[in-house]
Every structure is written in C-alpha cells, then in structure tokens.
Amino acid sequence: MAYLVKQSHRAPAQTVPVSVDESLPRACVIGAGSSGITAAKHLYLAGIPFDCFEMGHDIGGTWVLDNSNGQSACYDSLEINTSCPRMAYSDFPMPADYPPYARHDQVAAYFDQYVDHFGFRHTITFDTTVEDVSRTADGRWDVRVTGPGGTETRAYDAVLVANGHHWDPRWPEPAYPGTFDGDQLHAHDYRSADQVEGRDVVVVGAGNSAMDIAVDASATARTTTWSVRRSEWVLRKFFLGRPSDQVALPGWMPWRVTAARLRLGATVAGSLTKYGLPDPSHKPGQSHPVQSEKIRDRLEAGAVTAKPGIERLDGDRVVFVDGSSVPADLIVWATGYRVSFPFLDPDLVSAPGNELPLWKRTVHPDLPGLYFLGLLQAIGAVMPLAEAQSAWIADTLTGRYVPPSDAVVRRQMAAEHARDRRQFYDSPRHTMEVDFDHYLWDLQRERKAGRARAAASRTSSVEPTAPVPAATGGGGVRRTVARLALRAVGWRTAGEVPERGVLVGAPHTSNWDWVLTLLLGWSYGITIRLLVKKELFIGPLGWLLRRTGAVELDRKNPSATIKELIAEAEGGAPWLLGLAAEGTRSRGDYWKSGFYRIARQTGLPITLAFLDVPSRTVGWGPTFHPTGDVGADMDVVREFYADKTGFHPEGFTPPRLREEERDTLPPKG
C-alpha cells in the first residue's frame, strides 16, 4: 500500500539508554536536520558508535525559522506541501491535532519530540562545524571539526552526509542583461511580508517558494509581479475534501501510473494560462509537482500580476520577453539552490549542475563508507526516504546487510539515473528527482535482498559444507499470501525444493501457468527473477510480472542480461533464474541462450517446474546439472514426469534441446 503513517504506528518511547557496541564501525553524521536526526536515531538504537555534529544549537534544519546555524530558508508563512501522514517518520506519527498540512513551527516541534521520544539528544554535538572530510590511506575518513573546545580531527569508518540541499542559493546564471537600481534578494533570505511591505516587488521562479512569497507580497507590497520563465502545473492541496497526496498508489506500480495521477490532479486544478502565464512545455508528471491553494485567488483578484520570463533589467523597471515592463524596486529570486559540500574536496566529490549520480541516491560506489542522506527531490516528503536510507545504512554497518557486487551496483545506478533523466525534463531542479512510494518500495526490496545475502554469508562461514535450506527464505507475508492463493484455487504443491538454479517451465506451459509457478516459489520463500520478453509486459499479466520484479530480456543480447542477474544473485540464499516458457518452444535466433545452454555455461543446475492439471498439482521437478548428453538429461526429465504425473512422453524433447542436440551432430556432406 501507499505510505501513510497512522497514530497506531507510534513506537514505544526509548527510556533505557542503549549500550554501544565498540566492535562495530564508528560513524559520523553531519547535520541535525530532518535527515541527520533519523540517521542518529537508527545508529543509536543499533548500538553503533557515532558522533552527530550540528553547526547551530537547534534541531530541525531548514524547518527552524532563523535557525542558529544560519542555513535555514524558512519563512513565517511556510507550511508543508506534503500532508502529515505522508511526511512523518514511519514509527512516529505527527500529533493528531495537527492540521492536514502543518506549519513550519509545528514541524520543528515534531522533530524535537522525535529526538526526545527515542532518547538520543545526548548523541548530538551542537555548535560544532565540520570543516573537512578526507579519505585516509587505510580507507577510513578523517573529519576535522571546530566547536567550543577548539579544532580537532577524528577518524571514522563511515560518514553520513546530511547537510541538506536548500541552503546554498543559486542565482540566475548568467545574470540578466542590464542594470537594476533597486534591491535584490534570494528566496533563501526571505523571512516575512515585512521585507516587501510598500514596495514594487517582482518574484522570479515557478516553485512553491515563489508562489508563497508572491501571495505574501500581495497583501503588503505596493505591487506584486510574478515572473515565470517556464510554467509548472500547479496542483491543489486538497482533492474531494482530503489531502490530494493521500490519493496515492503502492510503490510497485509503474511510473506511468503516478504520472497519470499527477495529470488528473493538474486537470482538476486547471491551467494558469488564463492569468497570463505561458503554457507548460511539459506534461504533468515530467517535473517536480508544485502546490498552492492561494495563488489562483490572488491572481483572480488582481493582487498578483503574472508575467513571462525576464528579458532585461532597466534601472527601476523589469522588462519581460513579451515586451511589457513593470516598475520594481525589489526582485526576489526564487531560483533554487546549488548542491554543495563545503567540507569535501571538489576533486573528491562535487555536483556540477546539481548532478551527482548515486546508487539508490545514497551510495557513491567509488567512495566506500561515504553515504548521502536526503540528497533527493521527492514527489513527496524527504523525511521518510531519509529514514529508509538510515535504516539501510545501519543494517550495513552492523553486518545485517551485504550489498551486491560492484558491477551490479554500477549497472543499477546507471540504469536508475538514465530512467530518472527520461521521466523528468532536463534542469538542475530534477537531477535528484525520485518517485516517493516507488523509492521506498525499491529500497525495501534491496534491503531484504541484502539481508538474505548477509545470512547466507554467515551460514557459509560457519558451516562451509552445509547446504542452505531453500524453505527458510524470507517474505513471510508473501509466503502466506501464496499458500492461501494456491489453496483457494485448489492446487497442491509437491516435488523437491530447489536451492538455486535455472527455472524452466513445464511442457506446453502457458503464460498463466507462470503465475502458479511464481506462487509456488513464494510459498517456499524462494526468490525468482523471472526473465521475460517485452511483449508480455502488457495487460493483467504484465501488471503481475512488474509487481513481482520480472526483468525484461534483452533479445539482442540475452546472455548479458542473464549474467547480470546471476551476478546480482550472489551468496547462498535460495534463488532461481526463471525463463518464461523456455525449453518448450523455439523462439528464433534471439533465443540461442536457452535454459540448457545457460545452465551449462554458468554451472547452474536445471530445476524443472511442472504442472499437472488433472491432479491440480504444481511443484518442482528434478534439479540436476546438465551433462552435455542431451539424451541422458532428457531421460531424467521423462522419468520424473512418469513418476509424478503418470504422463509418459516417450518421444518428448523440447524444441530447444532438439536444437542443442542438432548442434552436436557433424555437418551433412
């Protein structure tokens, strides 16, 4: 289901101090904003030794008005654009008496309550600035800090960067031509409508802050002009009387479903072109959503005048690209922020154009031990995502999680980065964009897979010769659902339980038979990476395939796809590589890497999935290593079928095996 925190989800208060396990890696958390405090909480409860350094003496980062660290962009009218149940940490709901969209002071108070509820305030070192983070010769990290006691350097195994990305103002680059006689202010330094009272104000930008400031100015300024170079689809905060972001879908749904939801919201909200803004050049869902309940009212009342982008500055006037101009003595630039890390050498880590590819928006594969928290722009709130990242990192540092191979990490990082670039239009604002619910779902999947790898690693190190029992796989809910579903449709399970191998469909298998096969795998807690053709990702079956993590086969280079999946499934945890219906039909030249050849090339055993309709039995067939003697290997399959189903396929040989057998014959003539 979609992420939604209820009052019943509140965890018990942590009243007993948690002992520190000094044998675990030592960590450093930079910042005590919304990302830093959830990192500190997870490290603390896991018993990991760590320090958390905060520049000021306040908790909450940008949500604290006039934060003592000097980095906050908070203004007095700021309220969240994500409803409270979608912004709260998963085990600590916001107070029940909060409005649907909380004010900044309520959010700041919530963060303070979170720290005290879990009892880790003493782990935060306030009024201390991180000056430098550098790699040591042995792969650890030296962190130089300056605080009330002076400057010192401490060594850490891991550094969690949680310094935020809404503190380094980005001004127009290059600057607009012309000169301006008035004052210029970045939205980062805007605090209240008092700063614009009685002035001719031009607010530049299309984001949430720009709209909030324009609305504020319309009440106290002499004139308020809102300049938008590239229009956005402005959504409303409520839909049919409830917070619109709570009309959400499970994270496993494909992006186009989320995009369709955003398009619906944009259609219901209506366009702003009638107020003088240009048409958006992109579809809803191709940019970060912006929301406002008040901007339309102020435009309708004439209190805010909409204008297109600026052409030039002309003394006491601003000239726009449509040739019009307005008087101005103050320009507020709501033009976003740069992603920067003042404590990291730019030669080590930098984000030119705000672009810094990371695996799961957290891990830099070239810099082990360096993690980034909250460095993403979510279609939703950052807090639950930073919480999920923190739990993942804590698992890593305690050894409960083991990542996949470096090759898999880099492949996934490149694929995810390319996907995000396709989904959103090209701008510094969208280099870190993620789909909130999908990100949580995907990270939970990876965390679960890594825990299985860790468990398998521990088992193999303690008992190197002992097999890993496949029936102990994870996914309790999935296993229960699978068993109930099989029971409901009247199918029973039988056969051997495989540990790992290449999964092959039964003779005359149909696409829907694979539904039963997947349920069979789930019922035993076995992970099946189903490899299917692109054309099957349509209709209800396609929905199910996407939901179960099926992988699209590269028809032009199937072996590359298969090798990547095998590399990803490292460790001793039970898993199967599934080939939909392969071995029963020939699919042309693109199918030269059939199950038999894959098994021989990789050394993996073959596991047969069988279905017997008369007895309504679904189960595992024999698991055996191919010998290269096709006839002998097929005898194993035939004997199994004769024993389990009563079917005697004396002359049965799947077409692919026929081709393999043909390839071993000498050429004619």
Side-chain angles (χ1 to χ4, degrees), residues 13-14 17-18 20 26-45 48-76 78-80 87-89 92 94-95 102-133 143-154 156 159-169 186 188-192 337 340-344 372-375 382-383 386-387 390:
Q14 185 67 37
V18 177
V20 177
R26 180 168 292 275
C28 170
V29 179
I30 302 176
S34 61
S35 297
I37 59 174
T38 192
K41 177 247 191 181
H42 280 85
L43 297 181
Y44 174 64
L45 295 183
I48 298 170
F50 75 98
D51 295 310
C52 178
F53 298 112
E54 166 56 42
M55 288 177 61
H57 49 261
D58 298 301
I59 286 170
T62 199
W63 289 96
V64 178
L65 185 65
D66 293 324
N67 191 314
S68 55
N69 64 16
Q71 305 295 305
S72 174
C74 186
Y75 43 89
D76 66 359
L78 178 64
E79 67 178 27
I80 60 178
M87 182 181 183
Y89 299 117
F92 194 69
M94 289 192 179
R103 301 186 311 272
H104 64 85
D105 57 306
Q106 293 172 318
V107 176
Y110 166 77
F111 292 144
D112 264 316
Q113 295 162 13
Y114 178 78
V115 170
D116 292 334
H117 184 82
F118 292 104
F120 62 92
R121 186 178 291 269
H122 65 283
T123 67
I124 304 172
T125 304
F126 293 99
D127 298 311
T128 301
T129 301
V130 175
E131 305 283 359
D132 181 76
V133 176
V143 178
R144 188 176 76 244
V145 299
T146 299
T151 299
E152 62 174 310
T153 298
R154 302 182 188 180
Y156 297 95
V159 174
L160 284 63
V161 178
N163 68 319
H165 56 93
H166 286 146
W167 62 270
D168 189 358
H186 194 277
H188 181 268
D189 298 313
Y190 174 78
R191 294 293 176 267
S192 73
Y337 296 86
S340 59
F341 314 101
F343 41 79
L344 288 170
F372 294 86
L373 290 172
L375 191 59
V382 169
M383 295 74 185
E387 179 190 26
S390 300

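Index from 1, following the sequence.
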Fit a plane to each ring of Tyr114 and Phe118, take the angle between them on a 0 to 90° scale, and name the class: parallel (under 30°), tilted (30 to 60°) or perpendicular (over 60°). perpendicular

What is the ring orientation for Tyr44 with His122, classed by angle as parallel under 30°, tilted 30 to 60°, or perpendicular over 60°? perpendicular

What pair of heavy atoms forms the shortest contact from [X] to [Y], and how long is it?
X	Y	result
Cys74	Thr62	CB-O, 3.1 Å
Ala73	Arg191	C-NH1, 4.1 Å
Gln71	His188	O-NE2, 2.9 Å
Ile37	Phe120	O-CZ, 3.2 Å
Ser72	Asn67	CB-CB, 3.7 Å
Phe126	Pro148	O-CD, 4.4 Å

Side chains of [X] and [Y] in contact at under 4.5 Å (non-hydrogen atoms):
X	Y	value
Arg121	Asp112	yes
Val161	Leu375	no
Thr129	Phe343	no
Val115	Phe111	no
Ser34	Tyr89	yes
Met383	Trp63	yes
Asp51	Val145	no

Please report the interatomic distance [atom1]([X]) to [atom2]([Y]), rounded to the nearest 0.5 Å.
X	Y	atom1	atom2	result
Arg26	Ile48	CZ	CD1	11.5 Å
Asp132	Thr151	CG	OG1	11.5 Å
Glu387	Thr38	CD	OG1	4.5 Å
Leu160	Leu43	CG	CG	6.0 Å
Asn163	Phe53	CG	CZ	14.5 Å
Glu131	Thr153	CD	OG1	10.0 Å

I'd like to know if the side chain of Tyr110 reaches the main chain of Ala88, judged simply by a donor and an acceptor atom lying under 3.5 Å from each other, with no hydrogens or angles considered. no

Would you say Ser35's side chain and Ala386's backbone share a donor-acceptor pair under 3.5 angstrom? no

Checking Thr125, Ile124, Val130 against Glu54 for side-chain contact (heavy atoms from CB on, under 4.5 Å), the one that qualifies is Ile124

Are the ring centres of His165 and Tyr337 closer than 6.0 Å? no

